[in-house]
Amino acid sequence: MTMLDRRLHAYRPDLAEAGLEGKVEAARFVSGTPAHVCVPVIALRPEPDLARGIDTELLYGEDVTIFDRADGWCWVKATSDGYVGYLPASAVAEAANAPTHIVVPQRTFLYQEPELRKPYKTVLSMGSRVHIAGQAEARGNHYLVLDDGTAIFSKHLQPLGALDGQDYVDIAARFLEVPYLWGGRSGLGIDCSGLLQLALQMTGRSAPRDTDMQAAGLGEPIERSEVRRGDLVFWKGHVAVFEDPETIIHANGHTMTVARENFEAAVKRIGWLYEQPTGYRRPF
């Protein structure tokens, strides 16, 4: 049987997703159950163990398919990028109205009711998806109201698809100074490939999650001399976005933030650890 990337294919000796029947060995094959993330942000891990590192994160309202529930964990596959892993069962729900809007600033508050002076319930990251059931006004401010009566400042939301085709570099720049987090994919903490993926997704473009996937198949390879705004540069295990031919934006472990940096200076700084760039790509 074929050995497949466990990050993108759900299979274990006892269970596998239905689409892999005949490709892998498993005792059972299942189609899974649709569900969505019901917490602000949740880590997706390679094993059902909180001591294991984070592969990636899923955001409020994002869709998953659940293949298994056991011991307080769910084994899932993310709809947006096909990433497979484990998350706590309490982080997903199986019934909800389809999202209508998406959070557009780095972070926003979800208020217990449409009034900014009232306590907030939680914080949602850019990319979180919500279903809007109504509208409300309070003290001259306009809010959009969710099914449970909680509310978000209306200017912090856009209808799904409203940013499609826009400049994704502008979106990436909104994350400047957000802390670096290995496996992070939110306005609370983000890594280099998560920054690229989320910025592209916000503008209606799909992207793989990890740098090796992005370097192998996102867009087309180009030469350094061809680089323009929106192109990408890869090192082994790292990716940065060109803001212009001489400036990059990237989440990095040097500043431990999303930072803007001169490209040639970054090449010199990074070289001692990751050597020279491995390639350049134009994502679309």
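Note that the structure is a prediction, hence the values are computed from the model and not measured.
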Whether the side chain of [X] engages the backbone of [Y] through a donor-acceptor N/O pair (distance < 3.5 Å, no angle test) should be reported.
| X | Y | answer |
| --- | --- | --- |
| K118 | Q112 | no |
| N252 | T255 | yes |
| T122 | L110 | no |
| S125 | G187 | yes |
| H36 | A93 | yes |
| R281 | A215 | yes |
| Q106 | R174 | yes |
| E94 | A35 | no |

Open item on the list: For E246 and N262, which I'm curious about, is there any donor-acceptor pair between the side chains at under 3.5 Å?
Closed with: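 On atom types as modelled, these side chains do not qualify, holding no pair under 3.5 Å.
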TODO: Answer with yes or no whether the hydrophobic clustering places F234 together with V169; edges join I, L, V, M, F, W, Y residues whose side-chain heavy atoms lie under 4.5 Å apart.
DONE: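 Looking at the clustering, V169 is in the same group as F234.
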Does atom [atom1] of [X] have more than 12 heavy-atom neighbours, drawn from other residues, nucleotides or ligands, at distances under 6.0 Å?
| X | atom1 | answer |
| --- | --- | --- |
| E223 | CD | no |
| R28 | CZ | no |
| E47 | CD | yes |
| Y120 | OH | no |

Open item on the list: Check the orientation of F263 and W235. Use parallel for under 30°, tilted for 30 to 60°, and perpendicular for over 60°.
Closed with: tilted
Open item on the list: Parallel, tilted or perpendicular, judged at 30° and 60°: which one describes the rings of Y86 and W75?
Closed with: parallel
Task: Residues forming a side chain to side chain donor-acceptor pair (under 3.5 Å) with T65, sequence neighbours excluded - done: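 T65 satisfies side chain to side chain donor-acceptor pair (under 3.5 Å) with no other residue.
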- [ ] Could you list the residues that satisfy salt bridge (Lys or Arg N to Asp or Glu O under 4.0 Å) with R282, not counting sequence neighbours?
- [x]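 If we apply the salt bridge (Lys or Arg N to Asp or Glu O under 4.0 Å) test to R282, skipping adjacent residues, the hits are D231.
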Open item on the list: Suppose we screen for salt bridge (Lys or Arg N to Asp or Glu O under 4.0 Å). Which residues come up paired with D49, at least two apart in sequence or across chains?
Closed with: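 Here no residue qualifies.
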Task: Remaining members of hydrophobic cluster (4.5 Å side-chain criterion), M256 - done: Y180, W182
Task: Among R209, Q197, H250, side-chain hydrogen bond (donor to acceptor under 3.5 Å, both in side chains) partner for D191 - done: R209
Open item on the list: Filter on salt bridge (Lys or Arg N to Asp or Glu O under 4.0 Å), then keep only pairs touching residues 53-63, sequence neighbours left out; what's left?
Closed with: R6-D55, E62-R185
Task: Pairs touching residues 254-273 that satisfy salt bridge (Lys or Arg N to Asp or Glu O under 4.0 Å), sequence neighbours left out - done: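 For residues 254-273, and leaving out neighbouring residues, the salt bridge (Lys or Arg N to Asp or Glu O under 4.0 Å) pairs sorted by first residue read R224-E264, E243-R260, E261-R269.
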TODO: Taking the six-membered ring of F284 (Phe, Tyr or Trp), confirm whether the NZ or CZ of R205 is under 6.0 Å from its centre and within 45° of its axis.
DONE: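 Yes, a cation-pi geometry holds between R205 and F284.
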Task: Test: K23 and E17 ion pair at under 4.0 Å - done: no
Open item on the list: Give me the atom names and distance for the closest heavy-atom approach of I248 to A266.
Closed with: CD1-CB, 3.8 Å
Open item on the list: Given L157, which partner from the list T100, V104, I132 fulfils the side-chain contact (heavy atoms from CB on, under 4.5 Å) test?
Closed with: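 Answer after filtering T100, V104, I132: I132.
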